[in-house]
Every structure is written in structure tokens, then in C-alpha cells.
Amino acid sequence: MKQDSPRQAVVPVLVPVPTETPYSYAVPDDMTVVPGSIVRVPLGPREIAAIVSDQPAGAVDARKLRPISAVFDCPPLPGESLRFIAWIAQYTMTPPGMVARMFLRAPAALDPEPPVNGIARTECLPDRMTAARGRVLEIAETGSGWTRPGLARAAGVSASVIDGLKAQGVFEDIVLPPQPVVAEPDPAFKQPDLSADQIGAGRVLRDMAEKGGFGVCLLDGVTGSGKTEVYFEAVAAAIRQGRQVLILLPEIALTHAFLERFQDRFGAKPAEWHSDLPPRMRERVWRQVAENQVRVVAGARSALFLPFRDLGLIVVDEEHDPSYKQEDRVFYSARDMAVVRGHLGGHPVVLASATPSIESRYNAQQGRYRRVALPARFAEAALPELGTVDLRRNPPARGGFLSPVLIDEIAKTWRRGEQSLLFLNRRGYAPLTLCRVCGHRFQCPDCSSWLVEHRFRGQLLCHQCGYAEQRPEACPSCGALDHLVACGPGVERIAEEVVSHFPDARSIVLSSDLAGGVRRLRLELEAIEKGEADIVIGTQLVAKGHNFPNLTLVGVIDADLGLANGDPRAAERTFQLLSQVTGRAGRTGKKSLGLLQTYQPDHPVMRAIVSGDWETFYERETAERERAGLPPFGRLAGIIVSAATRAEAEGHARALRRVAPGDAGIVVLGPAEAPLSLVAGRYRFRLMVQGGLRADLQAFLRAMVKAGPSPRGSVRVQIDIDPQSFL
DNA sequence: AGCACGCCGACT
DNA sequence: GTCGGCGTGCTC
């Protein structure tokens, strides 16, 4: 539908505030805007960036109308993006302005990059030549453009040398063109050496990318089967067609490893997009994506809201990863929204995982997605030999958590000069502290979960809400001194046990609360990769993406952990996590071993991992959910909850928010991904129920359901996402 | 979501 | 007598 846009006096504008409809703004006579134009508008006392909408605005008093201040000098968002905003708003029950806000996350990028002043050679030659001048002229020949201080530094001279040359007309002032954020990737840079399986799978994906148009392919291949190289074939095809490519990665996996693999294949790095990108870089990436200067973006979930002009392919790597879910403000699953974006814009979507989620498997089984499987590990990367250690038959020594079998294997591995990884998904020293005299258990005053002892810090922490207190000497209940006992293991405690068995081995603990933050963590990981540790004890952050080249033993301290928390996804999650962790071994070419300590070696999760028969596990899981009245998908009932005031409604929302994600099982409320929306009069709150809800919260919700809507104003809780109908 | 306005408690 | 807490309402 092409038509000349008539002069509009008033246009609808999506402002980043939670209103149901766009606001109306007057368009000054000398201004032209189209739907998608990014504009600066006055809103109350401030000026903010907003998007001209194609949806009708609500009625407004003409006296309130204010004019658009300016149109930003950047390309308007394409219609596809506007439809994407509207779709997400509707699906997630979020005000459209709040969704639009996600497209405006790089405010400074809305204006063109400030021009950078540089200098360039002229035809003139200097009157006298000196050593310093010679160096400057030599360096100036290299590179694509120099700033005055840049050239001086590169030539190792002071800026006055350059000023002298400039005074003679040897250099002149110019404005440097904006520098591309990354080099152009070359699809033919290096032809990969693929196995027969990879070639077959790669051909399917390449065809999808070449043909274009919407379609979803689930690329399912065990760790080390070379999934990445396979979807790179599709990426190459899209680049050849001159289209843009978005590769989504779980946040933690934005590691050097991926970027380097990409560079090996394409000769240049992809543009990165994630939360700790420096602001400058962020702006440049945003702008160059909008101007179709960037071919490939590798990013975390927020990259989904970059203003691509000509997207030709979306890849979601590790599609099962829970970090694709955003749980604040706008609640969405980036994996699902990637499929939606592909659908709206007519792009192929590749979902890749070694352990696909149940819902993606189900969608593939139903024929909604195409499925391509890579059965074997590639080349020299042999699978580790996997086994369970039955803790009933091989119990740890009193007060310990390592079975003799595991200790023996650690010893052997260490003697061979190889590395061991001990995995326990629990931070701190002990998950429960109690008083041996009176039985007092340390509980969080705010949310009633056990306080976890962190011995290195001397604190008791609530892992649920972040509450912290100093670890006391005496029992706060009966006053007894020295009778507090730690129950159960955390990584710190395992480290203690490791030191007692292997005092001469170099051991290290890695968890997200490591003192020194992310930077320290990165350093430690590098040190481990260089072989500077013998025994690594870590939480789930060691499961992702790092290559420990000398690792030949993975011991899972408590493989049962997480199976009994009532989460309907418990088995699936445990399976995914343990597969990933044991996959850390066996990348060396050497013989390697993965051992799962468990009290239930016959549990389907253990059997699936040990036997490698994942197909049976998936079938069983799907059937299990159906039996429990939790089909993998399905529309869920709404719940009416009453609240008299905004404060009360907010209180409910906060309470739900704090305890919802990843907690114990929700049966009344249905499967894991159900988003709840609380709507109280004009106030509206949402949250995503990920793992399920704790029993006390279920009771709370049930009570509210019974209470029914309040005549004074109500909070409505809705749970009605239906993944089957999300297209 | 921000931000202003407004009404009650501890301070220069 | 004011500073500042957050409860309430509004933004085209």
C-alpha cells in the first residue's frame, strides 16, 4: 500500500510510559514524519525519545496537544518493528509504550555520530625533513584516517611536530568518516571441514536461508557435534545474499570462544550486543545496524530489539537456556519472540541446542518446526564415559560429601596431571544452619526460606531475596554458644573437603558471588584454562561455554539436587544442566570421565544421561506432564484477585515477584512459562512464573481467588499465555 | 516509567 | 520554623 502521506496535523506517538494507547502530538508545518519515525517529544516536564505509531491514539483534549520537538536524524523503524512492538504488547499484556522503550535503549545513537576531526596528507612536501617528521609521514601512509593526537602517539612524537607540518600545508584538517564497528564478514573466508552429518544438516539450513521466508528449524546436536559450524552455513548463505543476521546467545555464553570461532570462519568478528557493552560502542552498533552497515550481530536477548533494516536470518543458540527469559518490566522469552519476529518479518529462524527444551521438541514433533539432528560428536572430541555413583552403596565418610569412588578418581586424575571439575549447584558453605541445643533454624525474616551460611564472608544470606546478616556466635533463640551446626553442602564446604583430602593440589571455588566480581571471574577462568588449577569446584556458571583443555574428570556432587523441588520442569532442567556440565570433559581427546553422585541411579534423568538415550527421556517427560494435567502447553485459567488500593496491588505484585521465579512447584497455576498479569484498575503488573510457585504462595493465590473481585477496585491475575498459539 | 505535588515526622 | 520521607496522580 503505497501512497503519499498527506500533511498530518496530529500523529499518534508511542511514548515510553505505561498507557494503553499512543499519545497524540501535533506535527509542526515544516516537519515530516512517518510511522516508525523516532522523534523527541515533550512529556510533562521532560523531553524524551518516542516512536510515531501506526495505531490510533486515544481521544485527547485539543488544549493538551503539544508539538513534536524534533525528528531524530536516523532511519525510521520499519513496519516490521512496529508490528513486533504491537504483537509483544498484546501477547505479554504490557503497555505498547513500554515495549517501544526497548527499541530506544541507545538514546545517544538517535543522533548521528559526532564528526571526528582528523588530518590528512596533502600534495605538499615539508621544507626540511627530520627524523620525527619522517616517522610521522611514514605512519600517516598507513591506516584509513588519523586524528592529530592519534598520529602523534603512533609516531612517537609530540603533537607540535604535526602542527609544524600542518603550518606548512603538509597536512590539512578533514572530518573523518564514521568507522565501521566491525569488519565485513566474508562467507568464503574459510571453508569449514565438516563431517557427513554436518554437511547434510548444513545444507538444510543453507537452503532455508537462501530461500528466505519464515520457517523454524530446531537444530539438535550433542555437545561437540559441531552445531555452531552447521548454523554458520546458514549465516554464510544470508551474508552472501547481503542480508543481516542476528545470533542470540545466552548472556554468559557471549564468550571469546564464540567470537573467535566466528572470526575463524568469517575472517571478522560479529558486532556484539549485551548489557555491559561500553555506551559509545552501544550507540555505534545501534546506528550501524539501523543503517544496514552491520551484517552480523551476536547478542544477548535485548539484541532482538535492534532496528535491523534487512534481516535475513535469526539464530537462537542454546535455545533451552533459561536466561532467555526476561523477568522485569516487559516479561518475555527471547527465544519465542525471535520466532515471532521471524514470523512477522518473514525470516528463517534456527533454534540450536544440545538439549532442546520440551516445548521446542514438541513443536518439532507437531510439525510446526522442522528438526535437524546431529547424532555424533565430531572428530577427536570423544564423549566422556559417564556413570553414576550410588551413594547408598558408596556413602561419603561421616561429615563429608565426596564418595570414596569419586575421591579415588580425583586422585588418579591429579596424579596424571589432569584437571577435575566438581559441580554443585549451591553457593556458600551450607544451606541450613541449626542449633543443636534447641533446634532453632535460621530463617529469612522476609521470605521464610533457610538462610545459607557463607563462611568466607562470615554471613548468613537469603538466596531468595538477598537478605543478609552476620553469622552469630550464639543461638538467637536459646543463647547457647558453639552449638550451631551447618547442614548440607555448598561449594565452599566441598572446597574444604577437597583441601582435607588433597592438601597439595591447587583447588579453586567458582561461583557467582566470587569476591571481585565478573572481572576476577574472567581472570580465574583464564588461569584455569592455562592449567593453573588441579581441582575446580563450581556452581552452574562452570557449565557454560568455557573450554578447559586439560579437564578429564567431572564429578557431580549431588545429581539429585533440583529434582525434588516440585518444579514441573525439574527433570528437564536437571537433565539439561547435568548434560552440559558433564560435556565439559571429553574435549581433550584424552580419555575422560563424568560421575554423577546420586541416591537414585535409576531415575530417568540419570539413565538418560548415562545411556545417552535422550529420546526416551523426552518422550517420557512429555507423557509425564500430560498425566499430571500439565500438557507441555495449553491455555490456562484466569484468576481473580482482589485488592482495594494501589499500594495493596503493588504489595501483591512485589510478593509474587520476589518468590516466583525458579521456585517450587505450581500445580494450580499450570506450566512453567505462565506469565501472570495483575491489572488493578489502571495499574497493571506482570510477572513470569518460571519454575513454579512455592506452596505458601499457591495458598495465597487460592485465597485471593476465593475472595473474588473487590467492589472497590480489583487486581486481576491472568495466566493465559499459550505457546501453541503464539504465531 | 518518571516526575511533581502534597502532607506528616526529625532536624539545621 | 524547614528538610525529606513516600503516597497519589498525571503525562498528549
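Lettering of chains follows the sequences in order, A, B, ..., and the numbering in each one begins at 1. This is a predicted model, so every value here is computed, not measured.
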Task: Distance in Å, R83(A) CZ paired with I85(A) CD1, rounded so as to fall on 0.5 Å steps - done: 11.5 Å
Taking distance alone, no hydrogens or angles, what donor-acceptor pairs closer than 3.5 Å link side-chain atoms of residues 305-316 of chain A to residues at least two apart or in another chain?
| from | atom 1 | to | atom 2 | distance (Å) |
| --- | --- | --- | --- | --- |
| R309(A) | NH1 | P76(A) | O | 3.3 |
| D310(A) | OD1 | R243(A) | NE | 2.9 |
| D310(A) | OD1 | R243(A) | NH2 | 3.3 |

Task: Any residue meeting side chain to side chain contact (heavy atoms under 4.5 Å, CB included) with S302(A), in chain and number order, not counting sequence neighbours - done: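 S302(A) satisfies side chain to side chain contact (heavy atoms under 4.5 Å, CB included) with W273(A) only.
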Open item on the list: Using a heavy-atom cut-off of 4.0 Å across all strands, would you classify P45(A) as base, sugar-phosphate, or nothing?
Closed with: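 Here P45(A) touches the backbone only, sparing every base.
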- [ ] For P42(A), answer base if it contacts any base atom (sugar-phosphate contacts may also be present), sugar-phosphate if it contacts only those atoms, and nothing otherwise; contact means non-hydrogen atoms under 4.0 Å.
- [x]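 Sugar-phosphate: the residue P42(A), judged by heavy atoms under 4.0 Å, touches backbone atoms but no base.
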In whole angstrom, give the distance that lies between atom [atom1] of [X] and atom [atom2] of [N].
| X | N | atom1 | atom2 | answer |
| --- | --- | --- | --- | --- |
| R66(A) | dT11(C) | CZ | C1' | 8 Å |
| E47(A) | dC3(B) | CD | P | 13 Å |
| L14(A) | dT11(C) | CG | P | 18 Å |
| E20(A) | dT11(C) | CD | C1' | 15 Å |
| L43(A) | dA4(B) | CG | C1' | 13 Å |
| I48(A) | dA1(B) | CD1 | P | 14 Å |
| M98(A) | dA1(B) | CE | P | 7 Å |
| Q55(A) | dC12(C) | CD | P | 21 Å |

Task: Out of dC12(C), dG2(B), dA4(B), whichever nucleotide has its closest atom nearest the side chain of R46(A) - done: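 The nucleotide sitting nearest to the side chain is dG2(B).
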TODO: Evaluate whether atom CD of Q179(A) has more than 12 neighbouring non-hydrogen atoms of other residues, nucleotides or ligands under 6.0 angstrom away.
DONE: no
